[in-house]
Each structure stands twice: as structure tokens, then as C-alpha cells.
Amino acid sequence: MTTESTNIDALLREERTYPPPPDFAREANAQPDIYRRDPDEFWETEGRERVTWFTPFEQLKQWDPPYAKWYLGGKLNVCYNCVDRHVEAGNGDKIAYHWEGEPADTRRDISYADLQREVTRFANTLRKLGVQRGTPVAIYLGMIPQLPIAMLACTRIGAPHTVVFGGFSAESLAARMNDMKCQILITQDEALRRGRPVSLKSISDEAMAAASGVETCVVVRRTGTEVAMTDGRDVFYDEAAADQSDDPASCPCEPMDAEDLLFLMYTSGTTATPKGIVHTTGGYLVGTSTTHHYIFDIKPDTVYWCAADIGWITGHSYIVYGPLCNGVTSVLYEGTPDFPDKDRWWDIVQRYGVTVLYTAPTAIRSHMKWGPEYAQRHDLSTLRVLGTVGEPINPEAWIWYRDHIGGGRIPVVDTWWQTETGQILITPLPGVTTLKPGSATKPFPGVEAAVYDEQGNEVGPGGGGYLVLTAPYPAMLRGIFNDPQRYQETYWSKYPGGVYFVGDGARIDDDGDFWLLGRVDDVMNVSGHRISTIEVESALVDHQDVAEAAVCGRADAQTGQAIVAYVSLKGGQEGTPDKLAELRDHVGRKIGKIAAPANIVFTPDLPKTRSGKIMRRLLRDVAENRSLGDTTTLADPDVVNEIKDRATAEAAKEE
Ligand code: WTA
């Protein structure tokens with residue numbers, strides 16, 4: 001495979017190494033002997049120490065592939081662990097979140113005691129509106145304090161949630177609410193994006209029109225703009241909450257079973273319908289808090305900032321549940337990195353004295369593009385750990401991050417994991433690991449990973465292959481909601497014997513360090529977000545003028561991958577710039593702007609095999625300007641030359 005071998009060549013040239021700074025290593029939460037701990041002992045001990053159980057667990061795990069259970073018999077409450085116990089321990093005054101609104105003058109410090117009162121009031125309000133233990137709740141909110149508050153309120157009363165990222169369309173929101181059979185939706189009047197309001201309420205209205213199971217819509221006021229309210233269905237949060245108590249005793253934390261559903265997070269796969277990834281209570285909380293503690297080296301005075309959105313798994317695990325369980329002080333930022341100016345992040349780091357920053361390679365590349373002068377305007381000397389997640393990080397970006405943000409002195413941890421895994425799995429430990437730019441290094445203690453070839457043999461050092469996980473771990477997914485067959489097929493059918501197929505290519509070097517090589521299936525990674533080719537194709541074909549569409553990813557310096565669509569229009573119509581804009585818009589409306597193709601190439605035909613299968617490999621070659629491989633299996637080899645000419649003409653126009 002051409003792409004894979006280029007990757008490997010490029011990586012082999014990367015020989016720089018960075019051992020942990022000695023002072024850091026001495027004081028680090030994780031010491032070298034952590035890797036010698038037995039996996040069962042590790043998760044058993046962490047399970048007892050990190051989490052407070054109402055009833056202790058009786059059995060560590062039960063592994064009946066492909067189904068795992070952890071901490072069997074244990075009873076706990078996530079909200080109790082994330083909020084109440086910290087207040088009870090005398091830390092009520094400690095800041096849980098420094099909330100920073102996008103308008104630079106909107107700020108709020110929320111202590112653990114504040115959080116406890118607000119969560120209680122929210123939970124009481126949900127109960128008044130009919131939410132009970134087990135009632136599925138949809139949450140469609142931007143990065144405002146009420147987002148973690150609403151999630152915690154759900155966990156307090158035992159109601160599972162699904163948070164839908166605020167950039168998703170009405171149709172995506174409706175599909176998720178229908179799949180989970182949500183009876184209630186929590187949204188806000190408007191969100192702010194780069195100073196402009198986005199009406200989440202009107203998108204919610206459109207979604208609810210297609211999701212008739214939703215009986216109640218709670219509207220949090222963010223901008224205070226007037227929005228249409230449907231009588232008998234919609235209520236403003238502040239009005240509904242006005243008569244509700246915020247005394248924690250008025251709404252005790254529901255004891256939940258370790259294996260009760262905590263939330264669903266929908267993610268793209270190789271078919272058009274997103275998968276509802278199932279995460280449960282006990283193992284998820286232990287997995288996220290344990291990894292958070294060791295990987296980010298959390299200390300009592302840590303000021304931690306994960307700059308992701310809570311609408312993705314990274315925000316669930318490492319803005320809400322992991323950090324709050326560890327009682328840490330976090331930053332919660334509503335806006336974009338370049339509003340009002342490109343130094344906004346560095347202003348935040350300086351003002352709050354941030355010590356840990358966790359972000360995505362795509363964001364780092366934006367900062368690189370803008371130049372280091374924005375960071376140089378601010379004092380970033382409080383930082384002591386930097387992290388990345390979401391896609392493979394190019395060594396140049398890694399070095400830039402370490403030098404320009406980390407002052408060339410602090411560890412950068414490249415953390416590999418997935419929506420499905422719930423917790424970080426392959427990662428350096430900042431006080432132990434010798435870092436290599438571009439490598440996620442080693443499986444976390446208690447985690448077992450390997451690289452297999454097509455036949456399921458372990459590939460030795462140096463060889464590329466498929467990343468697999470060979471043992472269960474606490475936060476792993478428990479299934480795909482309502483679809484056991486798809487669960488089996490997607491993750492467990494490639495290799496027998498309870499081996500989890502990740503869908504990423506990887507290579508292990510002579511030191512046993514892992515290098516991630518990107519997706520091997522039809523899932524694209526745009527700015528660290530997974531989008532399946534088929535989902536975008538379905539959205540395109542849904543447009544009345546489109547006969548056929550094929551979509552692939554091409555390498556993009558900024559976003560990692562960019563989406564390229566090849567579209568043939570009905571009745572031999574020729575594409576026009578207007579049509580192009582219309583189609584991008586259409587995909588944006590169907591899925592969300594993030595899925596709108598960067599390029600659309602109009603073509604009378606798509607390259608197909610004689611059996612009618614679209615040859616995506618060729619389309620990828622065209623998109624990435626490579627010489628075309630074997631085209632002899634094509635039904636009509638001319639088609640691809642025609643496409644190539646058109647793509648070249650398109651590219652020339654853009655320049
Ligand atoms: C990719 C995000 C290389 C990978 C937490 C994975 C990475 C997918 C890394 C999951 C990394 C994530 N290095 N690739 N450090 N982190 N990925 O579900 O392809 O949104 O399978 O979870 O992102 O994306 P997801």
C-alpha cells in the first residue's frame with residue numbers, strides 16, 4: 001500500500017527522543033514500577049482508591065467476549081463521586097470550573113459547593129418534569145456551565161444521557177434522539193460562535209418535529225434573545241427551576257449498579273447510521289479518573305484545561321467525569337481559539353495559571369500557522385504537561401507545541417484512544433516515558449495492545465499492521481445500543497478469541513513504542529473528528545439532483561484530512577459553482593458543517609469494478625495527486641482519466 005509505506009518511511013526518520021525532566025520524574029504520580037503492576041491488581045486497587053462506592057464491588061471483572069463487566073456488585077453514584085464527596089471532604093470552596101464565556105468579559109468561577117447546589121436544583125427540576133431513574137435525556141448545549149451541570153444532574157438521579165455536539169444539524173440530533181428514545185431535550189436559546197449567535201432552539205425545534213417521542217424541551221437562556229416556545233412542551237430552565245430546592249439533601253444521589261447505563265455517545269462508522277456507543281457507570285469512572293490522574297500528573301494545585309468540546313467523548317471523559325472525579329480545578333471555555341484575537345488561549349492560560357493543557361493536533365497546527373508571536377505575548381511558565389488527542393500528530397507540530405507553548409522544557413503526551421474505549425489507552429506517562437515526537441509510545445498500565453497482520457499473527461518490531469486490543473479494560477464500550485450484531489461485526493469478527501479490532505493502522509518500533517498510522521477503514525478524520533464516507537455520500541445522494549456520489553479523504557495540512565466528493569448529477573447535468581455551494585450546504589444541513597466536503601469534483605461517471613463496486617482507492621489516488629495504480633479491473637478505465645482531468649482543472653481554478 002503506497003500510503004502506508006510513505007508513512008513508515010517518514011516516521012523512521014524521526015529519531016529525536018526526550019527523557020522526562022529529572023525534577024518532574026522524581027515527583028510524578030506514576031513511577032517506573034507502575035508498568036510492573038499486574039493488570040488485575042492495578043484495576044482492583046485503582047477501583048477502590050479513585051472512587052467512593054456505596055456498596056463495594058465483589059468481583060473485579062467478568063469477560064465473556066465480546067461482553068465485559070467490571071466491578072460487579074458495586075454500587076456508586078457518578079455525581080456523588082464528582083461533586084458531593086469533595087464538598088463533604090471540606091473542599092467546597094475549591095474551584096471546579098473557571099468558566100470563560102466567548103465574550104471576553106463573561107466569566108464565572110464555580111466552586112464545588114456551587115456545583116453541588118446547581119446540580120441539585122437542576123436534578124430536582126428534571127424530576128419535576130418527569131425524569132426518573134432510567135429516563136433517556138438528550139442534551140444539545142454549547143460550552144456553558146449548564147452543560148456539565150445537566151449531565152451531572154442526570155447522573156445524580158440515574159437518568160442516562162446523550163450529549164449531541166452543538167455543531168450537529170437538526171437531522172443528526174433527531175436521529176440520535178429517536179435511536180435512544182429520548183423523552184426530554186435540554187437545549188439553550190442561542191450559542192455564540194465567533195461573536196455570532198447560533199439558534200440552538202430553532203435547530204432543536206426542527207429536530208423535535210422529526211422526533212415525536214420528545215415531550216419536554218428545557219431551554220437554558222444564554223443570550224436572552226426571544227425564541228419561539230411551544231406551549232405544553234417547552235419551558236425555560238430558570239422558570240421551571242425557580243421553585244426547586246438546591247439543598248443536596250432534597251435530592252440524594254441514586255445508588256446505581258456499576259453496570260448501569262451512564263450515557264450513549266454516537267459515533268461514525270462504516271455505515272450511514274451513527275452507532276450509539278454504550279458506556280456504563282463504574283468501569284467508566286475508574287478508567288477515566290485513573291488515566292487522568294497518572295497521564296496529566298494531577299496534583300492538588302493543578303489548573304487543568306482540556307480545550308475540546310464536551311459534545312465529543314474527549315470532553316465527556318476529560319472535561320467532565322475524569323477531572324471532577326479527581327476533584328481538580330479546570331478551565332471551561334465557550335469559544336474559539338481566535339476570538340477576538342489569535343492569542344485568546346494564551347491569555348486564558350496566563351490568567352488562570354493553567355498547568356496542564358490538553359488539545360488536538362489540528363488546533364496546534366492552526367496556532368503554528370498563525371505564528372508563535374501570539375503565544376509569546378503571554379507568560380506560559382505555569383504549564384507543566386501538554387497533551388494531544390484525536391489524530392496522529394506530525395513530529396513538526398509536536399516539536400512546535402513543546403518549544404513554543406511548553407518553552408522546550410516540559411513533557412508532551414500524545415494520547416491514543418477512541419469514543420469506544422472511553423479512556424486513554426496508549427500514551428506516555430510524563431514522569432516515566434522517553435518521548436518520541438509522533439509516537440503515542442506504550443499501552444497504559446493494565447492495558448494490552450498489539451499489532452496484527454491480516455491473518456492475525458503478531459507483527460514483529462518495525463512492521464506495519466492493524467492495531468488490536470487483546471484484553472478488556474474498565475471504560476471499554478459495553479456494546480452498540482440496540483445492535484448486538486453490529487457490535488460483533490464491527491469490532492470482534494476480524495480476529496477470533498475476544499480480540500478488539502480498532503480500525504487504525506499501527507507499527508511497533510524496536511523499543512516497543514507504538515506509532516499510529518491513521519484509519520484503515522472508510523472513516524475519515526477531519527480536525528480530529530470521525531466522519532464516515534458513507535454518511536456524507538448518503539447526504540449527497542439525498543439531494544434531488546445527485547445521481548451518485550463517492551467520498552474520500554485527502555491529506556490536509558490543517559485539518560489532518562479534508563473531504564473530497566466525486567458527484568455525478570442526474571440527467572447528465574454539468575456541475576456549476578452554484579450547484580457546488582448548494583451541495584456543500586445540503587451536507588451541512590443533513591449532518592453538520594464539519595462534514596461538508598472541502599472539494600466537489602463533478603463527473604459524468606464514477607470508477608467502478610465490473611461488479612459495480614466504486615473503487616475508492618483510485619479516488620483517493622486522484623485526490624492526493626498520486627499516480628494511479630492498477631486500473632485493469634475497472635469496467636470502464638477511461639472514466640478515471642476523465643475524473644483526473646476534471647480534478648486537476650478544479651485544483652487549478654482554486655489556485
Ligand atoms: C484517531 C477521540 C493517532 C484514531 C478520542 C482513532 C488518534 C480515532 C489519536 C478515534 C492519537 C485518536 N494518535 N490517532 N493520539 N487519538 N486518534 O472516536 O484514528 O473521535 O481510532 O475519539 O481518532 O476518534 P474518536
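When a ligand or atom number is given, it counts from 1 through the structure's own listing order.
Summary of contacts: the protein heavy atom closest to atom 23 (O) of ligand 1 is Gly390 O, 3.2 Å. Nearest protein heavy-atom contact of atom 3 (C) of ligand 1 is Pro392 N, 3.0 Å. What sits closest to atom 8 (C) of ligand 1 on the protein, heavy atoms only, is Arg530 CD, 3.8 Å. In terms of protein heavy atoms, atom 5 (C) of ligand 1 is closest to Trp417 CE2, 3.5 Å.
For ligand 1 and Thr314, the ligand atoms under 4.0 Å from any heavy atom of the residue are 5 (C). Residue contact check: Asn525 has heavy atoms under 4.0 Å from atoms 1 (C), 23 (O) of ligand 1. Listed by number with element, the atoms of ligand 1 under 4.0 angstrom from any heavy atom of Thr419 are 18 (O), 20 (O), 22 (O), 25 (P). Close approach of ligand 1 to Asp414 is summarised as follows: ligand atoms under 4.0 Å from at least one heavy atom of the residue are 11 (C), 13 (N), 15 (N).
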- Lys494/Glu489 under salt bridge (Lys or Arg N to Asp or Glu O under 4.0 Å): CA gap, chis, key distance, verdict: CA-CA 8 Å; Lys494 177 137 179 123; Glu489 277 164 13; over 6 Å; no
- Carefully, step by step, assess Lys590 and Glu171 under the rule salt bridge (Lys or Arg N to Asp or Glu O under 4.0 Å). CA-CA 6 Å; Lys590 296 287 292 182; Glu171 211 160 310; 2.3 Å; yes
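With His529, Glu391, Arg519, Met524 as candidates, the residue nearest to atom 21 (O) of ligand 1 on a non-hydrogen basis is Arg519.
Phe263 and Tyr284 have their aromatic ring centers within a separation under 6.0 angstrom. Checked against the 6.0 Å centroid criterion, the rings of Tyr487 and Tyr67 qualify as a close aromatic pair. Taking the ring centroids of Tyr318 and Trp417, they lie under the 6.0 Å cut-off.
A side-chain N or O of Tyr491 and one of Glu420 form a donor-acceptor pair less than 3.5 Å apart.
In this structure, Trp43 and Phe444 have tilted ring planes: the angle between them lies in the 30° to 60° band.
In terms of polar-atom proximity, Asp504 is counted as a contact of ligand 1, with an N or O under 3.5 Å from an N or O of the ligand. Remark: ligand 1 and Glu420 share no N or O pair separated by less than 3.5 Å (distance only, no angle test).
Residue contacts with ligand 1, taken as heavy atom pairs separated by less than 4.0 Å, do not involve Ile426 at all.
Closest approach of Trp515 to Asp513, counting heavy atoms only: CD1-O, 3.5 Å.
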